[in-house]
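One structure is given here, and the rest of the page talks about it.
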Amino acid sequence: MAFFSSGSRALVEILTTLQSAERPMPVDHTLFEFGSIRYHLLASMTDSENVYLSISTPSLSYEASPSSGLPEITLQETRKMYHKFAEIIEPPKEGYALTLKLNFSGLIRPKDRIKAINKISLLQSVILSSQLKDMLGSLGSSGTMKLVYNQRDPFFVSKTPAKINAIFPMRFRDDTDLAIASSFFQELEDLGSESSSFSRAPRCSWSPIPPPELRGEYVHHLTTNGGFVSFDILARHVKGRRAARTAWILLNFQSYVKYHIKCTRGHIQSRMRKRLEIMTEKLQKGFKAFIDKIKRLRLRIRVKGLDRFRRQYFQCFAVPKLTMAQKEHKYQKLE
């Protein structure tokens with residue numbers, strides 16, 4: 001499940017190594033995550049207290065976000081979260097969207113530094129959540145926007161005066177995965193309509209056809225074989241610290257569903273193999289018992305009069321026995 005974690009484990013390892021080193025370590029390292037996110041870490045021997053971190057991440061929507069730089073709301077959220085130990089460098093490093101100067105010298109306690117490093121690892125989710133809030137604000141009282149985090153799995157966010165809907169077209173390459181997913185979505189739909197235990201949770205629904213919110217969208221955006229999953233986003237989900245987690249859940253929802261389907265498929269296949277092994281073992285035991293029974297029945301078969309015929313036969317064709325004299329007979333040599 002490390003793939004669905006909003007924190008970067010690579011950043012945590014590198015920054016922890018730099019902070020725990022007895023001597024200053026020069027670092028000039030570039031790393032990629034999820035294929036489209038790029039980090040650059042720079043630390044020098046002459047300026048050992050400062051670490052420069054640059055990040056490049058694709059925009060969720062090229063229609064809503066400016067072509068150059070990050071929205072102002074993203075910069076405000078970043079300053080608000082990292083103001084104790086980070087400073088935004090403007091302009092950022094060439095080829096990157098944001099550059100931070102990290103300085104942990106003001107954090108004396110080790111646990112405060114660990115907490116700060118963990119916060120830095122959430123930088124991508126902070127940027128994406130601020131972009132999502134900015135796009136929801138740009139929709140006004142109503143509207144629909146296409147979001148692209150994974151090029152193969154775009155999704156939509158629809159806003160009305162009463163609520164916000166997230167709509168996910170589900171696509172599956174394998175027919176077996178499609179069958180499992182269709183059964184799972186149908187069961188989810190039935191459970192949500194019949195059970196009252198989820199009345200306080202946001203409404204979730206599935207439909208094989210596009211919902212009314214997607215009317216007017218391009219046909220190739222709505223081409224799918226797994227239907228459409230949609231659920232409501234409440235106002236409390238996009239406020240405060242919950243906004244980053246909500247954005248990360250939305251961005252990875254389709255990947256998580258496919259992960260769940262793959263795990264379900266593997267579980268079903270392992271159960272089928274185990275059941276086949278049990279049935280094969282039972283058949284082998286039953287066949288062996290049947291053969292043993294046939295052998296026992298053959299030993300019990302007796303033909304009437306066969307023993308008397310056998311005795312008469314050996315009497316008529318008795319083989320003469322050799323005497324000791326005959327056994328000791330020797331040949332004579334002819335002269």
Task: Check: Phe168 ring centre within less than 6.0 Å of Phe231 ring centre - done: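 Between Phe231 and Phe168, which both carry aromatic rings, the centre distance is below 6.0 Å.
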TODO: Verify whether the ring centers belonging to His260 and Phe184 lie closer than 6.0 Å.
DONE: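 Yes - the distance between ring centres of His260 and Phe184 falls below the 6.0 Å cut-off.
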Ignoring hydrogens, what is the shortest heavy-atom contact between [X] and [Y]? Give both atom names and the distance.
| X | Y | result |
| --- | --- | --- |
| Leu75 | Glu90 | CD1-OE2, 4.1 Å |
| Asn118 | Ser121 | O-OG, 2.5 Å |
| Lys93 | Ser54 | CB-OG, 3.6 Å |
| Pro169 | Pro154 | CD-O, 3.5 Å |
| Ser105 | Glu49 | OG-OE1, 4.1 Å |

Open item on the list: Please check: side-chain N/O of Thr78 versus main-chain N/O of Thr74, any donor-acceptor pairing under 3.5 Å?
Closed with: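 Here the side-chain-to-backbone pair exists.
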Task: Main-chain N/O of Glu13 paired with Thr16 side-chain donor or acceptor, under 3.5 Å - done: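 No, the answer is negative, given that no donor and acceptor are paired below the 3.5 Å cut-off.
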Nearest 0.5 Å please: distance from the [atom1] atom of [X] over to the [atom2] atom of [Y].
| X | Y | atom1 | atom2 | result |
| --- | --- | --- | --- | --- |
| Lys262 | Ile180 | NZ | CD1 | 9.0 Å |
| Met170 | Asn225 | CE | CG | 9.5 Å |
| Gln254 | Arg171 | CD | CZ | 8.0 Å |
| Ile127 | Ile73 | CD1 | CD1 | 13.0 Å |
| Leu122 | Tyr82 | CG | OH | 5.5 Å |
| Lys274 | Met279 | NZ | CE | 15.0 Å |

TODO: Salt-bridge test for Glu281 and Arg275: reply yes if a basic N is under 4.0 Å from a carboxylate O, no otherwise.
DONE: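 The answer is no: the pair does not qualify as a salt bridge.
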Task: Over 12 foreign heavy atoms within 6.0 Å of CD1, Ile108 - done: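 Counting other residues, nucleotides and ligands, CD1 of Ile108 stays at 12 neighbours or fewer.
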- [ ] Output, in order, the C-alpha distance, side-chain angles, deciding distance and verdict of side-chain contact (heavy atoms from CB on, under 4.5 Å) for Tyr259 and Val257.
- [x] CA-CA 5 Å; Tyr259 170 83; Val257 170; over 6 Å; no
Open item on the list: Using a 4.5 Å cut-off between side-chain heavy atoms of Ile, Leu, Val, Met, Phe, Trp and Tyr, which other residues end up in the same hydrophobic cluster as Phe228?
Closed with: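 Reading the cluster by chain and number, Phe228 sits alongside Phe156, Ile167, Leu214, Leu222.
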TODO: Please test Leu42 against Val27 for side-chain contact (heavy atoms from CB on, under 4.5 Å), starting from the C-alpha separation and ending with a verdict.
DONE: CA-CA 5 Å; Leu42 178 63; Val27 173; over 6 Å; no
Open item on the list: According to salt bridge (Lys or Arg N to Asp or Glu O under 4.0 Å), who are the partners of Arg265, at least two apart in sequence or on a separate chain?
Closed with: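 Counting only residues at least two positions away or on another chain, Arg265 forms a salt bridge (Lys or Arg N to Asp or Glu O under 4.0 Å) with Asp174, Asp177.
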When clusters are formed by joining ILVMFWY residues with side-chain heavy atoms under 4.5 Å apart, either directly or through shared neighbours, do [X] and [Y] land in the same one?
| X | Y | result |
| --- | --- | --- |
| Met272 | Ile261 | yes |
| Leu41 | Leu18 | yes |
| Leu128 | Tyr39 | yes |

Open item on the list: I need the single residue from Leu53, Ile55, Ile117 that forms a side chain to side chain contact (heavy atoms under 4.5 Å, CB included) with Leu11. Which is it?
Closed with: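 The residue from Leu53, Ile55, Ile117 that satisfies side chain to side chain contact (heavy atoms under 4.5 Å, CB included) with Leu11 turns out to be Leu53.
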Open item on the list: Quiz question: by atom type and distance under 3.5 Å, do the side chains of Ser8 and Glu33 form a donor-acceptor pair?
Closed with: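 Their side chains do contain a donor-acceptor pair, which is all the 3.5 Å distance test asks for.
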Open item on the list: So, using side-chain hydrogen bond (donor to acceptor under 3.5 Å, both in side chains) as the criterion, who are the partners of Thr30 when residues are at least two apart?
Closed with: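 With neighbours one apart ignored, the set is empty.
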TODO: List the steps and the verdict of side-chain contact (heavy atoms from CB on, under 4.5 Å) for Leu98 and Thr57.
DONE: CA-CA 9 Å; Leu98 179 66; Thr57 178; over 6 Å; no
- [ ] Determine, step by step, whether Val157 and Thr144 satisfy the side-chain contact (heavy atoms from CB on, under 4.5 Å) criterion, reporting the C-alpha distance in whole Å, the side-chain angles of both residues, the deciding distance to 0.1 Å, and the verdict.
- [x] CA-CA 6 Å; Val157 174; Thr144 302; over 6 Å; no
